[in-house]
Amino acid sequence: MSYMYYSVPFIVNGQDCLKEAGEKLCLGKKAMIVTGKTVVKQRCVKELLETLEKNSVACCVFTDITGEPDDIMIEKGAKFYRESGCDFMIAIGGGSPMDAMKAIAVMLKYPDYKLRDFMGKEIKGPLAPMAAIPTTAGTGSEVTMFTVITDAETQVKMLLKGAALLPDVAVVDP
């Protein structure tokens, strides 16, 4: 019997590693930072913004992820990404921003579909480049190929899957 393992290509781990992640976080020229209204006030976001500035990467911040993400939030995020001219994403926060980032990447690649169309199917890439920075312990979303998004109409929690959902970089700073 054989097994297949998928992994995030690059993981930065350790005390204060966010400050040291530097160019590993810079996956393009303009980042969309996916987070929530509470996290955006934390020191880690300030450090992230300083890191991007130091590496001449522009950014915009999308803070409309509240609680469990739903498909409406995801559609707003994809629209924000396109209108802002971003070319990669960074999620910072708990599992919700990271799950949202992954789902936004799916909607960017497949704009004519609904997220519910992907339930039970494997999502194929490539997707927009993604970096994940967890601020809580437990979900593991920064290193998994899954995301859970609620269908606002039916209230069904949809499990979406595929190796394409693995972030390109995970920065895990305890």
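The structure displayed is predicted, hence computed values, not measured ones. Hydrogens, waters and symmetry mates are skipped; everything else that's a heavy atom, side chains included, is used.
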Just jot down the salt bridge (Lys or Arg N to Asp or Glu O under 4.0 Å) partners of [X], sequence neighbours excluded, or say none.
| X | result |
| --- | --- |
| Lys29 | none |
| Glu142 | none |
| Lys109 | none |

Taking the side chain as every heavy atom from C-beta outward, state whether [X] and [Y] have any pair of such atoms under 4.5 Å apart.
| X | Y | result |
| --- | --- | --- |
| Val45 | Val39 | yes |
| Met32 | Ile90 | no |
| Met89 | Ile104 | yes |
| Val40 | Thr38 | no |

Closest approach of [X] to [Y] (non-hydrogen atoms, all atoms of both residues):
| X | Y | result |
| --- | --- | --- |
| Ser84 | Cys60 | CB-SG, 3.5 Å |
| Thr136 | Gly95 | OG1-N, 4.3 Å |
| Gly94 | Thr135 | N-OG1, 3.6 Å |
| Ala170 | Val143 | CB-CG1, 4.2 Å |
| Leu127 | Ala164 | CD1-O, 3.4 Å |
| Pro134 | Val172 | CG-CG2, 4.2 Å |

**Prompt:** Would you say Glu53 has more than 12 foreign heavy atoms packed within less than 6.0 Å of its CD?
**Reply:** no

Treat each ILVMFWY residue as a node, draw an edge where side-chain heavy atoms are under 4.5 Å apart, and state whether [X] and [Y] are in one component.
| X | Y | answer |
| --- | --- | --- |
| Val8 | Tyr6 | yes |
| Ile11 | Leu166 | yes |
| Val57 | Val12 | yes |
| Leu48 | Met101 | no |

**Request:** Kindly give the cluster partners of Met1, where membership spreads through any ILVMFWY side chain lying under 4.5 Å from a current member.
**Result:**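 Noted: Met1 shares its cluster with Tyr3, Tyr5.
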
What's the separation between atom [atom1] in [X] and atom [atom2] in [Y], rounded to the nearest 0.5 Å?
| X | Y | atom1 | atom2 | answer |
| --- | --- | --- | --- | --- |
| Leu27 | Glu23 | CG | CD | 11.0 Å |
| Met98 | Thr144 | CE | OG1 | 8.5 Å |
| Met73 | Thr150 | CE | OG1 | 8.0 Å |
| Leu165 | Glu122 | CG | CD | 9.0 Å |
| Ile33 | Cys86 | CD1 | SG | 9.0 Å |
| Ser7 | Met145 | OG | CE | 12.0 Å |

Measure from the side-chain N and O atoms of [X] to the backbone N and O of [Y], and report whether any donor-acceptor pair falls under 3.5 Å.
| X | Y | answer |
| --- | --- | --- |
| Thr147 | Ala103 | no |
| Asp70 | Ile72 | yes |
| Asp151 | Val156 | no |

**Check against salt bridge (charged side-chain N to carboxylate O under 4.0 Å, His left out), Lys46 and Glu50** = CA-CA 6 Å; Lys46 182 180 179 212; Glu50 289 170 356; 3.8 Å; yes

Provide the full list of salt bridge (Lys or Arg N to Asp or Glu O under 4.0 Å) pairs with a residue in [range], sequence neighbours left out, each pair given once.
| range | answer |
| --- | --- |
| residues 32-42 | Lys37-Asp64 |
| residues 4-18 | none |
| residues 154-170 | Glu68-Lys157 |
| residues 78-93 | Lys79-Glu83 |

**Prompt:** Sequence neighbours excluded, which residues qualify as side chain to side chain donor-acceptor pair (under 3.5 Å) partners of Ser141?
**Reply:**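 Expected list: Asp99, Lys102.
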
**Message:** Assess the residue pair Thr35 and Ile65 against the criterion (side-chain contact (heavy atoms from CB on, under 4.5 Å)); give the C-alpha distance rounded to whole Å, side-chain angles, the decisive distance to 0.1 Å, and a yes or no.
**Reply:** CA-CA 6 Å; Thr35 192; Ile65 306 304; over 6 Å; no

**Worked check of side-chain contact (heavy atoms from CB on, under 4.5 Å) between Leu108 and Val106** = CA-CA 5 Å; Leu108 291 169; Val106 172; over 6 Å; no

**Asked** Which residue pairs pass the ring pair (Phe, Tyr, Trp, His ring centres under 6.0 Å) test with at least one member in residues 114-152, sequence neighbours excluded?
**Response** Tyr110-Phe118, Tyr113-Phe118

**Prompt:** Which ring pair (Phe, Tyr, Trp, His ring centres under 6.0 Å) pairs, counting each pair once, include a residue from residues 75-102, with sequence neighbours left out?
**Reply:** Phe62-Phe80

**Request:** Take Met158 and Leu115 through the test side-chain contact (heavy atoms from CB on, under 4.5 Å) and record every step on the way to the result.
**Result:** CA-CA 8 Å; Met158 303 178 287; Leu115 282 177; 3.9 Å; yes

**Candidates Ile92, Leu52, Leu18, Ile133 - the one meeting side-chain contact (heavy atoms from CB on, under 4.5 Å) with Glu47** = Leu18

**Message:** Suppose we screen for side chain to side chain contact (heavy atoms under 4.5 Å, CB included). Which residues come up paired with Glu75, at least two apart in sequence or across chains?
**Reply:** Lys114

